[in-house]
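Hydrogens, waters and symmetry mates are skipped; everything else that's a heavy atom, side chains included, is used.
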Amino acid sequence: MTHDTPTLSRLPTYFISHGGGPWPWMKKEMGATYDQLAASLADMPRQIGRTPAAILMVSAHWESPVFTVQGNPCPPMIYDYGGFPAHTYEVRYASPGSPELAQRVQSLIAAAGLPAQIDPERGYDHGMFSPMAAMYPDAEVPVVQLSLRRGLDPAEHLALGRAIAPLRDENVLIVGSGLSYHNLRNFGPQAHGVSKAFGDWLDETAVQATPQARVQRLQDWASAPSARVAHPREEHLIPLMVAVGAAEGDVGERVYHEDAFMGGLVVSSYRFGAA
């Protein structure tokens with residue numbers, strides 16, 4: 001990839017709900033549970049209209065003391081889940097890494113005055129490889145992961161997004177991978193009301209609010225309806241801040257939505273900027 005001669009239109013950014021564990025490899029066990037999510041992820045290449053040079057994936061499943069970029073050219077798999085069938089601990093998503101992109105990302109973050117480092121050994125976690133298996137099943141697109149920073153400060157992750165925004169003009173797709181509702185102790189039909197309350201607020205914030213209001217609402221997300229029920233710990237929401245920061249002035253659009261996921265959950269994904 002190159003970053004000095006951009007010739008293509010600016011790519012959008014995404015915040016995706018990435019589902020639970022290794023779901024793409026559990027069709028027999030899960031049936032149609034993930035069909036709508038899988039379809040929405042599989043539609044992303046059509047939406048953007050071309051194959052990106054690389055994808056920068058900010059996963060809810062990686063936190064570090066400072067922002068850390070994956071520099072491994074051939075990342076291994078990290079099976080960061082438990083209680084799933086034995087075959088899911090042998091799955092492979094063999095996309096290449098990109099040390100060049102890792103260096104570029106680190107330099108952009110550092111130039112913004114934020115702490116950044118490269119981890120040359122880090123592998124792919126399921127916040128990356130599960131959605132990528134639906135998005136690009138042939139694993140032909142290089143992918144680099146970028147960590148969250150411990151403390152999970154919304155303003156800091158919005159600033160991270162601003163720092164890496166130039167990648168959008170360099171044919172690099174920025175994807176925040178989390179879940180719009182993430183409370184594993186309150187799942188299923190009984191969580192419909194609280195997930196809807198938070199989901200309605202999230203729609204208003206991501207799609208309807210002005211860009212300025214959107215940023216303020218995200219910084220104050222914990223005061224939203226049912227916020228701490230929807231996200232007792234916010235690591236699955238914070239990737240949204242990065243996606244918004246990288247597309248701060250752009251319009252948001254909901255690109256995936258279910259009202260009864262897993263029997264009752266309201267879940268969504270969003271795109272920022274024209275596709």
Side-chain angles (χ1 to χ4, degrees), residues 8-19 23-24 34 36-62 93 95 101 105 124-137 141-148 154 157-158 160-182 199 202-203 205-209 211 214-215 218 235-258 261 267-275:
L8 299 168
S9 59
R10 176 172 293 173
L11 286 172
T13 71
Y14 284 83
F15 170 73
I16 58 171
S17 288
H18 63 223
W23 61 267
Y34 281 99
Q36 290 185 57
L37 176 60
S40 75
L41 294 168
D43 192 51
M44 287 170 60
R46 181 201 64 79
Q47 291 176 25
I48 65 175
R50 64 178 187 266
T51 301
I55 293 173
L56 183 66
M57 180 79 73
V58 183
S59 168
H61 292 275
W62 186 16
Y93 186 82
S95 62
L101 176 57
V105 173
Y124 290 137
D125 61 58
H126 82 267
M128 176 276 185
F129 62 74
S130 288
M132 285 298 300
M135 292 163 57
Y136 292 97
V141 181
V143 183
V144 169
Q145 286 196 227
L146 171 60
S147 79
L148 304 176
H157 288 81
L158 285 159
L160 172 65
R162 297 181 193 110
I164 61 175
L167 297 173
R168 298 176 60 201
D169 293 315
E170 299 166 17
N171 204 24
V172 175
L173 183 67
I174 298 170
V175 178
S177 176
L179 284 167
S180 62
Y181 176 91
H182 191 255
L202 203 56
D203 280 351
T205 300
V207 178
Q208 300 172 25
R214 182 172 63 198
V215 167
L218 288 176
E235 80 285 348
H236 276 74
L237 182 68
I238 292 296
L240 171 64
M241 316 301 176
V242 185
V244 167
E248 190 167 23
D250 290 334
V251 172
E253 181 177 348
R254 193 176 71 186
V255 293
Y256 160 71
H257 182 74
E258 292 191 57
F261 178 70
V267 291
S268 300
S269 299
Y270 301 93
R271 184 183 69 230
F272 302 95

Say whether Ser177 and His18, considering side chains only, have a donor N or O and an acceptor N or O under 3.5 Å apart. yes
| task | Begin with the C-alpha distance, continue with both residues' side-chain angles, and end with the deciding distance and a verdict on side chain to side chain contact (heavy atoms under 4.5 Å, CB included) for Leu202 and Arg254. | result | CA-CA 10 Å; Leu202 203 56; Arg254 193 176 71 186; over 6 Å; no
So OG of Ser40 and CZ of Arg271: to nearest 0.5 Å the spacing works out to 11.5 Å
**Asked** Do Val141 and Pro52 come within less than 4.5 Å of each other through their side chains, counting heavy atoms only?
**Response** yes
- Query: Step by step, would you call Phe272 with Leu240 a side chain to side chain contact (heavy atoms under 4.5 Å, CB included)?
  - Reply: CA-CA 10 Å; Phe272 302 95; Leu240 171 64; 3.7 Å; yes
Heavy atoms of Ser180 and Ser17 approach each other most closely as N-OG, 3.2 Å
Looking only at heavy atoms, the pair that brings Met128 and Ser95 closest together is CE-OG, 3.5 Å
- Query: Just wondering, do Ile55 and Met44 contact through their side chains at under 4.5 Å, heavy atoms?
  - Reply: no
Here the gap from Leu11 atom CG to Leu167 atom CG, rounded to the nearest 0.5 Å, amounts to 10.0 Å
Minimal heavy-atom distance between Pro142 and Ala53, with the atoms involved, is CD-O, 3.4 Å
Between Ala60 and Pro239, the two heavy atoms sitting closest are N-CG, 4.0 Å
* To do: Measure the shortest side-chain to side-chain distance between Leu37 and Val267 over non-hydrogen atoms and say whether it is less than 4.5 angstrom.
  => no
So CG of Leu179 and CZ of Phe15: to nearest 0.5 Å the spacing works out to 7.0 Å
Heavy-atom closest pair (Gly249 atom, Pro211 atom, distance to 0.1 Å) is O-CG, 3.8 Å
Partner of Arg168 under side-chain contact (heavy atoms from CB on, under 4.5 Å), picked from Leu173, Thr13, Leu56, is Thr13
Q | Heavy-atom donor-acceptor pair, Tyr93 side chain to Tyr124 backbone, under 3.5 Å | A | no
Do Tyr256 and Ile16 touch side chain to side chain, with heavy atoms closer than 4.5 Å?
no
Report task. Using a 4.5 Å cut-off on heavy atoms from C-beta on, say whether the side chain of Ile238 contacts that of Glu235. Result -> no
Any donor-acceptor pair under 3.5 Å from Gln145 side chain to Asp125 backbone: yes
Apply side chain to side chain contact (heavy atoms under 4.5 Å, CB included) to residues Val242 and Ile164 and explain how you reach the verdict.
CA-CA 9 Å; Val242 185; Ile164 61 175; 3.9 Å; yes
Margin query: Contact between Tyr14 and Gln47 at the side-chain level, heavy atoms closer than 4.5 Å - yes or no?
Written below: yes
Interatomic distance, NE2@His157 vs CZ@Arg162, rounded to 0.5 Å, equals 12.5 Å
When every non-hydrogen atom of Ala38 is compared with those of Ala134, the smallest separation belongs to O-CB, 4.1 Å
**Aromatic plane relationship, Phe261 with Tyr34 - under 30° parallel, 30 to 60° tilted, over 60° perpendicular** = perpendicular
| said: Does Leu146 form a side chain to side chain contact (heavy atoms under 4.5 Å, CB included) with Leu160? I'd like the steps, not just the answer. | reply: CA-CA 10 Å; Leu146 171 60; Leu160 172 65; 4.0 Å; yes
Can you find a pair of side-chain heavy atoms, one from Thr205 and one from Val244, that are under 4.5 Å apart? no
Hey, what's the ring geometry for His236 with His182, parallel, tilted or perpendicular (30° and 60° as the breaks)?
parallel
Exercise for the section: Check whether any side-chain heavy atom of Ser268 lies under 4.5 Å from a side-chain heavy atom of Asp203, and answer yes or no. Expected result: yes
